[in-house]
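For reference, the structure discussed in these notes is given below.
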There are 2 protein chains.
Amino acid sequence: MIDDSLTPRAFETLERLSNLLRAQEREGGAEVGLHPVHLQALWFLGRANRYSDTPASVADYLGITRGAASTSIRVLRERDLVHERRDPDDGRVSRLSLSDAGRALLARELPPRVFENAIAALGSDAETLNRLLVQVLRGVQRHSGGRSFGICGSCSHFTVDASGTRCGLTGEPLSPPEAELLCREHEDPVNG
Amino acid sequence: MIDDSLTPRAFETLERLSNLLRAQEREGGAEVGLHPVHLQALWFLGRANRYSDTPASVADYLGITRGAASTSIRVLRERDLVHERRDPDDGRVSRLSLSDAGRALLARELPPRVFENAIAALGSDAETLNRLLVQVLRGVQRHSGGRSFGICGSCSHFTVDASGTRCGLTGEPLSPPEAELLCREHEDPVNG
DNA sequence: GCCAACTAGTTTCGACTCCAAATCACCTCT
DNA sequence: AGAGGTGATTTGGAGTCGAAACTAGTTGGC
């Protein structure tokens, strides 16, 4: 067992879990006539903050084109899983939010129960797992050019002053729950 | 920070890495006119042992139907990335192997360089990461009904006797390299 | 031996994703 | 006001995907 063999092995396990996750999404989505991409878009929209609840963000998050995201979002709207409203400040942008039905469907399907249980069974090791996965995630994001889509607490724009927490990029205050959502403007600190 | 919040967090990171991996596969495949599923099938066929190099195994591994696997494999054959030969003992089964071109393409695309580097950057923690991911993987497989697709060393059928290592299911001897490949008959030990 | 049941794989069909490119609508900067 | 930029959508063509029908080879019962 040469040390060199561990890097590919960890990737292999990750790749396999990734396939299994997609298979679960396919299976769960099939019951209600949806594809994996629909569940993934719902998942993202359920976690996106107010700067990130748009079709363009969905496209960036999933790594597909805006056109593809647009057509998939249309399906979600037609089924009333997602609501759309025009942004009052910028008439071009479409703001998306989960409907009650969308939220219910999402809670039923993601995370798949088998994943939830398997991670819960790790006990306190789940924390270690997450820490290592976050390290891999940051490494990948640093060199793949895309957006990082993290939460405010891990963002270089996040600031704390006398009046509370706020986003240094927009200057707007952030409530604690808001600061737990994903942001398309998120940037990892340089030495994270 | 309640302990309970760690399970969803680890899943969230895993889910994000999964999207990023797919995005990388999409990007890399697009350069040569292939879809993510094609790269994934190549990846599996490059790792499958002699009991598992068939269209049905590809379908099981990827969690798609046999029909879908069949059409994707046809694309790979038409591009001479994969060779097919009939099984001499069972005229129904089709045995698939990577061509030199397929092997070269696969080596170029998977693992994506950014993943490879990010995991390598973990150093010795890559081993811990893999151990935890394997635990999650087994937990998921135990309860999701599918095949586990592990290697012989982690299989309950694997036996060692005076003449060397062999598979207890087929009774056939296994060379050390063969025992490192993925098997569709793989079964996790009951208390793994 | 022989036929039914089964299994591996393929084909067909309709629905839908996906990209690329064109288009529309709106915003911003000069 | 005009030019260029940006968010979103639409269109067209290629191709995945599941479901179900179908071909062909194998196995088991009698």
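Chain A is the first sequence line, chain B the second, and so forth, proteins listed ahead of strands; every chain is numbered from 1. Atoms considered below: every heavy atom in the structure, side chains included; atoms not considered: hydrogens, waters and symmetry mates.
The OH-P distance, from A/Y51 to D/dG7, rounds to 16 Å in whole Å. In this structure, CD1 of A/I73 is placed 14 Å from C1' of D/dT10, rounded to the nearest angstrom. Atom-to-atom, CD1 of B/I64 to C1' of C/dT17 comes out at 15 Å; the value is rounded to the nearest Å. If you take CZ of B/R74 and C1' of D/dT16, they are 12 Å apart, rounded to a whole angstrom. The interatomic distance linking A/D89 (CG) with D/dG7 (C1') rounds to 15 Å, in whole Å. Between the CG atom of B/L76 and the P atom of D/dG15 there is a distance of 13 Å, given to the nearest Å. Atom C1' of nucleotide C/dT7 and atom CZ of B/R184 are separated by 11 Å, given to the nearest angstrom. Rounded to whole Å, atom C1' of C/dA25 lies 10 Å from atom CG of A/D90.
Close to D/dG15, at under 4.0 Å from its OP1 or OP2, lies no side-chain N or O of B/S72. For the pair A/R26 and D/dG18, the criterion of a side-chain N or O lying under 4.0 Å from OP1 or OP2 is met. OP1 or OP2 of D/dT16 has at least one side-chain nitrogen or oxygen of B/H38 nearer than 4.0 Å. Taking only side-chain nitrogens and oxygens, A/H35 never comes nearer than 4.0 Å to OP1 or OP2 of D/dT16. Side-chain nitrogen and oxygen atoms of A/R86 include none within less than 4.0 Å of the OP1 or OP2 phosphate oxygen of D/dG7. Taking 4.0 angstrom as the limit, B/R66 places a side-chain polar atom (N or O) nearer than this to OP1 or OP2 of C/dA8.
Classification of B/D60 and B/R184 as a salt-bridged pair holds, one side-chain N sitting under 4.0 Å from a carboxylate O. One finds no salt bridge joining A/E12 and A/R9 here, because no Lys/Arg side-chain nitrogen approaches an Asp/Glu carboxylate oxygen to under 4.0 Å. We find that B/E172 and B/R50 are joined by a salt bridge, their nearest charged nitrogen and carboxylate oxygen being less than 4.0 Å apart. Ion pairing between A/D161 and A/R166 holds under the 4.0 Å rule for side-chain N and carboxylate O.
A cation-pi arrangement, defined by a distance under 6.0 Å to the six-membered ring centre and an angle within 45 degrees of its axis, is absent between A/R16 and B/F44.
If you check distances only, the side chain of B/R92 does reach the base of C/dT7 with a donor-acceptor pair under 3.5 Å.
Heavy-atom nearest nucleotides on DNA chain D were determined for A/V93 and for A/T71, and the one closer to the 5' end corresponds to A/V93. Residue A/A68 is the one, among B/A68 and A/A68, whose nearest nucleotide of DNA chain D lies closer to the 5' end (criterion: closest heavy atom). Positionally, the nearest nucleotide of DNA chain C for B/A69 lies more toward the 5' end than for the other of B/A69 and A/G67.
Considering B/T71, B/L42, B/L62 in turn, B/L62 is the only one that fulfils the side-chain contact (heavy atoms from CB on, under 4.5 Å) rule with B/V37.
Counting any heavy atom pair closer than 4.0 Å across all strands shown, A/D87 reaches no nucleic acid atom. Nucleic acid contact class of A/G91 (heavy atoms, under 4.0 Å, all strands): sugar-phosphate only. Residue contacts shown for A/S94 are limited to sugar-phosphate atoms, with no base heavy atom under 4.0 Å away. Among the protein residues, B/E84 comes within range of the sugar-phosphate backbone only, with heavy atoms under 4.0 Å from sugar or phosphate atoms but none that close to a base. Within 4.0 Å of B/R22, counting heavy atoms only, lies no atom of the nucleic acid at all.
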